[in-house]
Structures are given as structure tokens and as C-alpha cells.
Amino acid sequence: MAKEFVKEITSMDEDFAQWYTDVVTKADLIDYSSVRGCMIIRPYGYALWENIKTELDNRIKATGHENVYMPLFIPESLLQKEKDHIEGFAPEVAWVTHGGSEELTEKLVVRPTSEVLFCDHYKNIIHSYRDLPKLYNQWANVVRWEKTTRPFLRTLEFLWQEGHTAHATDEDAHEETTRMLNVYTDLCENVLAIPVVKGQKTEKEKFAGAKFTYTIESLMHDGKALQSGTSHHLGSGFAQAFGIQYTDQAGTLQYVHQTSWGLTTRIIGALIMVHGDDRGLVIPPKAAPTQVMIVPIAQHKEGVLDFAFDLKEKLSKVARVNIDASDKKPGWKFNEYEMKGVPVRLEVGPKDIENNQVVLARRDTGDKVIVALDELEAKLIELLNDIQINLYNKALKLREEKTSVAATMDEFKENLVGNPGFIKSMWCGERECEDKIKEETGATSRCIPFEQEKVSDTCVCCGKEAKQLVYWAKAY
RNA sequence: CGGGAUGUAGCUCAGCUUGGUAGAGCACUAGCAUGGGGUGCUAGGGGUCGCAGGUUCAAUUCCUGUCAUCUCGACCA
């Protein structure tokens, strides 16, 4: 059978950046807006985000957190309170200077993140050890005035959830930081089928104002890394700056220990770049707005559409099923839903109806199978599971192929050119070497993985005694 | 914020060198045939040529500025 696919999408190998842009727009995820760096998330893209959001929100609630909503604006003085924090964010905040035609006496920033708002609130509601822990989360939009933008990966305004918690002890906060990193890992690996490396950010890369930052890092098809979620142990720095204190059981005044953690619409960019192929998007079944698209064949013939709609109703009990009964050609529909990454296509035509069967085509491999009607539900569930697992395994295999070890700078540079991806190298722990590696190779430290190995004895850069293994890569 | 590229119909682009009042394909609308991988034919609708100035009798075309998008760096999720 001759296979002709859409030529609208640039091939990955030819131009990965263009491929990405083609996919996000052709798959109807977004449209560009009239505001620089801001995107319109279209129904299909938003449905994808809603699925991710629901899965994550359930996990956040299951770990004892409550959702709240904080204001969009932060007074300048409030943002100033934590020194490192303001230094980190000041260059990229949007300012509100006027209300109507009147100049404001104090400028407001449009939140780039809400640590200070939560802190300002926590100082009012936390007084006793009995008030702890406070486990809050909010779903919101934030604004960061970025220089260069790309849909999902870096936009001026983006959607996310940000968790902000306050604990009695450093250990409790540390535990929370780990817990939420694990929640993100679970979401990425089991829902989005994206394998991640868990670890800690270096001092240079950690969150402004944090004691330390945990991160999950994933690897894209082009060998570039993407930070997919972060969980920060804020220590008591913010508590001291904001005066968030409680009286412990012994009657002593103590500062709280805080965490914050976030996951953004950027994860959609990761999903696209991890699973997508030259035909477009590939969405893992658990995240897919439509898991099964029914394409009727010769739908003008009597009974075909009725049959197809009956199937839709029946299958809707086990999956998210949709039907395209438009008068477009079947071939057009095949390509359209492949471009949109729908995991399974169900073809049903007069021949199938006659034989009590349908055709199932899977997006990940392109395989088609004929399935008898009486075992359709069971086969469909099996197929969706299989696709989910296959996508994860494929992504894991790709990451492993693109992960290399380097003991010297020459090796490091060779790997980066010959097989771009994660490079595992030992590091002395000095900022100087980290900076030098970035300057010479363009790669940055992605994380100090929790699962440490010793791939050599000395720092890849300076040759002195190495302290730890670091994952390095060029990153988005 | 620096380098490069590009803005003409919903989309992809031609036209601009040498100024003279707007083109194609796809998409859209109607009809007929077709229908298991972007189907064919016929007819039709659609554009203040990114925006603002300037030069000119006349600007999509030349000049200046500006905005936006893509891209490569620097910065960040």
C-alpha cells in the first residue's frame, strides 16, 4: 500500500526547531497571538493541559494539599523582602505603573511566581505548631518577561501550579521537597510516558532564594534536555525575611521551614519533543484528549454512520472516544488525527459491518489489526495500555542511547557533537569549572543525580579530585 | 539584549531588481461524481501588500523608523 503523508510538517532531522513549530501549530495546539511571546492555547491544546492538570491535581490532593488562589499583583516592597529572590527575578518582571490614568504610588509587579504572596499570608495565619504544616497549592498564570520565546517552552505568560508549604522542621520540609518531586516523576513517567532523571540542581542553577532545588530532567528527541519540574527546599530564609514564626510545644518561637514546587505548560513541549515523529504529535493514551478516533469508511452507505455512532457510545464507557463524521475523505482524516497524535484510530466500513469486525490502527507503530466486535472493548483497553508502555520504553531507550560518559573535556566535546544528549561526567564541585564547561561547550549542569555512580576519579574540567557525578547537556 | 532571515488572501508563497492600482496553489462556499491513506471536475467569495512616516504626479515595489515572527547566541521554567 502506498503511503503518502502530510508534507506540511518539516522532518525532524532536517530542522528540529521548524518541526516543533509545525507540530504545535498544525496539530491545532496553539495559535500565535498579537502579543509578542504570548500564545493562544486552542481547544485541543487546552484539553491536553486539562488532562495533565487533572492527573496532577489529583496527586497533589492525595498528598494532603489544598488549592488556594493568590492575587495576580505583588507590591514592589513585598517582592524586595527576600534579597536573592528579587535579584533572581527582577530582570524579568512586568510592572504595573498606572491604574487608569493615575500613576500608582507603589508599583505592582505581575507575579513571576508567588513565594512572597504566600509568605505574606503565612505570617498572618501561622502562629502555633498546631497550624503546621500548611500545604497549599495554586493553579495560576504567571508572567516572566523573557527575551526569546517559543510556544510552550518559553512564553511571557504561562500556566502552572505552584505549591507553597510551611513546616515545623527542616526535615519535614526536606521530606516534602522529595515527596513532590516524586509526584512529578510519577506524572511524567506514568501519565506522560516521559522518563526523567531525578537529582539536585547545582548552586549556580538552583532557584533564587532556595536552600536547594530538586529537579526532574528529561531528554528531547534532538538531544537537548528540558527541566520538567522542580521542587525547592526554601529553608527558613523566606520565613526570616517575612517573619513567619510559630510557637513550638516548648513555648519557644521558631521560624517555619518552607518548600515550593512547580510544573508548567512547558511539560507539553516536553511531551511533543519526546514522543513526536515526522507525522506530527504522538500523545500517550493517558494524556490524550481523544484516545480513539472513529473514522467511518464509505459513510454515505446506509447503516455505516449509525453503526459508527453506536460504537462510539459503546466504547465511551472504556475510553475517550470521538468520531469524525464530516464529509472529508477517509485519507484526509487518517492524516489529520495522526498529526494530532490520537493514539488509536478505529476504521469501520461496510465490509467490517458485514463481518462483525473493525480495524484498529495504532499511532505509535502504525500497525493495523482487525478485531472482532465481541472482543473489541477488551482489545482496545489492552491496546491503549500497550501504547502507553511502548511510548515510555521507546523514550527510555532513546534517552539511554543519547546518554554518554565523558572523563575528559575532549571526550565531552566529542560526545556533544557526535551524540548530543546527556553527558555523565564527574565534577569537583567548583563553580569555576561549571562556568568553564558552559562557556566552552554550551552545555550546562542539569542535575546531580540521586543515583550516583563513579565514572572516573577526577573532575572532567580541572582534573582535580571529583566530588560527584553530574548530568550535563545543552538545554531548552 | 546582540547577529541572521522573514512579514503580500485563512495557510504556503510569487510579484518588488527597472514604481503605474494584486497573482498562484491549498483552504473556504455551492454542485456533481468519488470514498479502506490528504479524490476529481465545474462555478463562486475573499487582500487598506505588518504598521507609521518620507521621496514621487503615482509606492506592495525606493528610503527611514517601528512592531511582530522564525533562528543562532547571552538570560531563564
Side-chain angles (χ1 to χ4, degrees), chain A residues 1-10 15-22 24-26 28 31-39 88-93 112-113 142-162 184 201 204-208 213 215-218 225-232 260-270 279-280 295-301 304 326-339 345-353 357-359 361 366 368 370 435 438-439 442 444 446 474-476:
Chain A
M1 185 197 312
K3 295 206 167 192
E4 280 185 29
F5 302 115
V6 187
K7 298 201 178 79
E8 291 173 25
I9 299 177
T10 308
D15 185 344
F16 193 79
Q18 189 58 49
W19 170 85
Y20 179 82
T21 308
D22 286 348
V24 293
T25 53
K26 302 282 162 54
D28 292 343
D31 195 10
Y32 287 99
S33 74
S34 48
V35 183
R36 179 191 80 85
C38 294
M39 62 180 178
F89 281 101
E92 55 178 29
V93 293
T113 179
V142 288
V143 170
R144 297 181 190 178
W145 216 260
E146 301 287 352
K147 301 287 166 36
T148 50
T149 58
R150 301 192 69 193
F152 293 117
L153 299 174
R154 182 163 296 108
T155 45
L156 292 200
E157 179 187 3
F158 58 91
L159 305 183
W160 75 344
Q161 61 66 221
E162 47 179 326
Y184 289 153
K201 284 288 186 190
K204 174 185 156 113
E205 300 282 336
K206 77 173 188 187
F207 179 75
T213 290
T215 177
I216 49 174
E217 298 285 328
S218 52
L226 187 81
Q227 180 175 318
S228 301
T230 48
S231 185
H232 315 291
S260 70
W261 26 274
L263 184 134
T264 82
T265 35
R266 178 183 237 198
I267 200 72
I268 294 175
R279 291 196 234 159
V295 178
I297 308 295
Q299 64 184 40
H300 65 293
K301 294 207 173 134
V304 173
S326 70
D327 59 4
K328 296 246 182 6
K329 288 274 295 178
W332 186 93
K333 294 177 186 174
F334 293 171
N335 282 302
E336 178 70 8
Y337 300 111
E338 277 170 12
M339 197 151 73
R345 178 179 69 243
L346 189 157
E347 302 172 19
V348 58
K351 274 185 269 174
D352 302 308
I353 296 172
Q357 65 182 40
V358 298
V359 175
K368 276 188 180 189
I370 293 170
D435 286 340
K438 183 173 184 186
E439 197 181 313
T444 52
R446 301 320 306 159
K474 288 194 177 175
Y476 277 99

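Chain identifiers are assigned alphabetically (A, B, ...) following the order of the sequence lines, protein sequences preceding nucleic acid strands; residue numbering begins at 1 within each chain.
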Remember a base hit wins even if backbone is also touched, and classify [X] as base, sugar-phosphate or nothing at under 4.0 Å, heavy atoms.
X	answer
A/E92	sugar-phosphate
A/K301	nothing
A/E146	base
A/L226	nothing
A/V142	nothing

Side-chain donor or acceptor of [X] under 3.5 Å from a matching atom on the base of [N]?
X	N	value
A/K329	B/G37	no
A/D327	B/G35	no
A/Q299	B/G35	no
A/R345	B/G36	no

Within the structure, does a side-chain N or O atom of A/K438 lie under 4.0 Å from either OP1 or OP2 of B/A74?
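It does not, given that no N or O in the side chain of A/K438 lies less than 4.0 Å from OP1 or OP2 of B/A74.
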Is there a Watson-Crick or G-U wobble partner for [N] with both distances under 3.5 Å, and which nucleotide is it?
N	value
B/G65	B/C51
B/C1	B/G73
B/A9	none
B/G44	B/C28
B/U60	none

Using the [atom1] atom as the reference point in each nucleotide, state the distance between [N] and [M] in Å, no decimals.
N	M	atom1	value
B/C62	B/G45	C1'	34 Å
B/G10	B/C49	P	13 Å
B/A22	B/G47	P	12 Å
B/U12	B/U64	C1'	30 Å

Interface polar pairs with nucleotides 9-13 of chain B, N/O, under 3.5 angstrom:
none

Under 3.5 Å, is there a donor-acceptor pair between the side chain of A/S231 and the main chain of A/G229?
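No.
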Heteroatom pairs (N/O) under 3.5 angstrom, protein to nucleotides 67-71 of chain B:
from, atom 1, to, atom 2, distance (Å)
B/U69, OP1, A/G37, N, 2.5
B/C70, OP1, A/Y32, OH, 2.8
B/U71, OP1, A/R150, NH2, 3.0

If we ignore angles and hydrogens, is there a donor and acceptor under 3.5 Å between the side chains of A/T213 and A/T230?
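The answer is no; no qualifying pair exists.
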Answer yes if the side chains of A/T10 and A/D15 hold a donor-acceptor pair under 3.5 Å, and no otherwise.
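Side-chain D/A pair, A/T10 to A/D15: absent.
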Please identify each residue that fulfils ring pair (Phe, Tyr, Trp, His ring centres under 6.0 Å) with A/F334, with sequence neighbours left out.
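Checked A/F334 against ring pair (Phe, Tyr, Trp, His ring centres under 6.0 Å); zero matches.
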Who pairs with [X] by salt bridge (Lys or Arg N to Asp or Glu O under 4.0 Å), at least two apart in sequence or on another chain?
X	value
A/R345	A/E338, A/E347
A/K201	A/E217
A/K301	none

Comparing A/K351 and A/F158 on RNA chain B - which has the more 5′ nearest nucleotide
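In this pair, the answer is A/K351.
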If you assign each of A/E205 and A/G349 to its closest nucleotide in RNA chain B, which residue comes earlier from the 5' end?
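Its nearest nucleotide being more 5', the pick is A/G349.
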A/I297 and A/V304, any side-chain heavy atoms less than 4.5 Å apart
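Side chain of A/V304 against side chain of A/I297, heavy atoms only: no contact under 4.5 Å found.
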Less than 6.0 Å separating the ring centroids of A/Y476 and A/F152?
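Centroid separation for A/Y476 and A/F152: 6.0 Å or greater.
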Give me the ring orientation class for A/W261 and A/Y184: parallel if the planes are under 30° apart, tilted from 30 to 60°, perpendicular past 60°.
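Because their plane-to-plane angle is over 60°, the rings of A/W261 and A/Y184 count as perpendicular.
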